[in-house]
Amino acid sequence: MNSSAIKLIPIHSDNKSVIRTGSVISVVPGEIIINLEGNTIRAEKAFSCIIDPEPDDIIICTANENGMVYILGILERPATQKMSVSFPSDTHICVKQGSLNISSTDNMTIASKDVSCFSKRVIHKSHEAIVSYDNITASGNELQASFKTIRLISNFINTMAKQVIDKFKGYIRSTEDNDLVKAGQMIRNTDGLFSMNSKHTIMNSKKSTKIDGEKILMG
């Protein structure tokens with residue numbers, strides 16, 4: 001017998017495996033009761049077991065030197081196929097190569113106190129989207145939006161821009177109360193008719209007023 005064979009130490013001192021199977025009897029916060037070989041004992045989830053056990057689960061477990069039983073995993077769930085995955089503390093999921101895909105045939109819900117999204121490019125496509133915020137702060141270099149119909153309903157809108165260019169095929173503006181426009185200079189050019197109808201019209205100029213045309217009708 002060589003020297004390397006003499007140094008071998010058997011992992012188990014007996015023929016009985018330390019890995020056992022059992023069933024879950026009850027699950028309450030902080031306590032899991034299982035049936036292990038006919039004995040009712042208390043067990044805990046192993047740190048690497050991220051699936052929460054439920055009653056009637058068939059489990060695989062082991063015990064440490066102090067006799068504490070740890071659930072390593074769930075072999076079978078006869079009652080239902082629903083599953084709850086939980087982590088004991090902060091969790092970091094990292095894919096060093098390739099992509100990470102999360103898909104669901106039904107609903108997907110993300111609930112958190114704070115959600116941060118950092119990406120070089122984001123694509124959002126959906127048939128219908130509902131967005132509700134109390135406060136929105138958006139900043140960037142360029143915004144491009146293309147919609148067939150836009151409806152804005154607000155009590156107050158404040159827009160400040162260095163330069164605004166609007167191009168419309170048709171433009172209709174309706175104001176129920178006051179409509180005030182303040183500008184350093186105002187120039188309006190029309191290729192066709194310019195019409196202004198009002199019950200009362202007041203035009204004041206501090207210096208001069210010029211009305212020029214081939215034909216001027218008043219009265």
Ile216 atom CD1: more than 12 heavy-atom contacts under 6.0 Å: yes
Smallest separation among heavy atoms of Ser26 and Pro55, with atom names: CA-CG, 4.3 Å
Heavy atoms from other residues, nucleotides or ligands near CG of Asp56 exceed 12 (cutoff 6.0 Å): no
Shortest non-hydrogen contact between Asp52 and Ile74, atoms and distance: O-CD1, 3.9 Å
Rounded distance (nearest 0.5 Å) linking atom CE of Met203 with atom OG1 of Thr209: 7.0 Å
Shortest non-hydrogen separation from His200 to Ser198 and the atoms involved: O-OG, 3.2 Å
Candidate pair Val181 and Asp179, rule side chain to side chain contact (heavy atoms under 4.5 Å, CB included), full reasoning: CA-CA 7 Å; Val181 179; Asp179 190 350; 4.2 Å; yes
OH (Tyr133) with more than 12 external heavy atoms under 6.0 Å: no
Minimum heavy-atom distance Pro53-Val24, with the two atoms named: CB-CG2, 4.1 Å
For Val69 against Ile34, the heavy-atom pair lying closest together: CG1-CD1, 3.9 Å
Value rounded to 0.5 Å, distance of SG in Cys61 from CG in Leu75: 9.5 Å
Lys210 NZ to Ser205 OG distance, which is reported to the nearest 0.5 Å: 13.5 Å
Side chain Ser154, main chain Phe156, donor-acceptor under 3.5 Å: yes
Hphob cluster co-occupancy, Val27 + Val85, side-chain heavy atoms under 4.5 angstrom: yes
Transitive ILVMFWY side-chain link Ile157 to Ile153, under 4.5 Å: no
Listed once per pair and sorted, the salt bridge (Lys or Arg N to Asp or Glu O under 4.0 Å) pairs that draw on residues 130-151, sequence neighbours left out: none
Polar side-chain atom of Asn64 near backbone of Asn66 as donor-acceptor pair, under 3.5 Å: yes
Could you pull out every donor-acceptor pair under 3.5 Å between side chains of residues 94-111 and any protein atom, sequence neighbours left out?
| unit_1 | atom_1 | unit_2 | atom_2 | d |
| --- | --- | --- | --- | --- |
| Ser104 | OG | Asp106 | N | 3.2 |
| Ser104 | OG | Asn107 | O | 3.4 |

Straight-line distance of Tyr171 OH to Arg173 CZ, nearest 0.5 Å: 4.5 Å
Nearest heavy-atom neighbours spanning Lys45 and Tyr70: O-CD2, 4.1 Å
Main-chain N/O of Ile130 paired to Ser132 side chain as donor or acceptor, under 3.5 Å: no
Point-to-point distance, once rounded to the nearest 0.5 Å, from CD of Glu44 to CE of Met68: 3.5 Å
ILVMFWY network linking Ile59 to Leu36, side-chain heavy atoms under 4.5 angstrom: yes
Verify same cluster id: Phe87, Ile32 (apolar side-chain graph, 4.5 Å): yes
Thr175 (side chain) donor-acceptor with Asp177 (main chain) under 3.5 angstrom: no
CZ/Phe47: more than 12 non-hydrogen atoms of other groups inside 6.0 Å: no
Atom CE of Met83: over 12 foreign heavy atoms under 6.0 Å: no
CD1/Ile202: more than 12 non-hydrogen atoms of other groups inside 6.0 Å: no
Where at least one partner belongs to residues 64-89, residue pairs that pass salt bridge (Lys or Arg N to Asp or Glu O under 4.0 Å), sequence neighbours excluded: Glu54-Arg77, Asp57-Arg77
Backbone of Val18 reached by a side-chain donor or acceptor of Thr62 within 3.5 Å: yes
CD on Gln163 to CD1 on Ile165, rounded to 0.5 Å: 4.5 Å
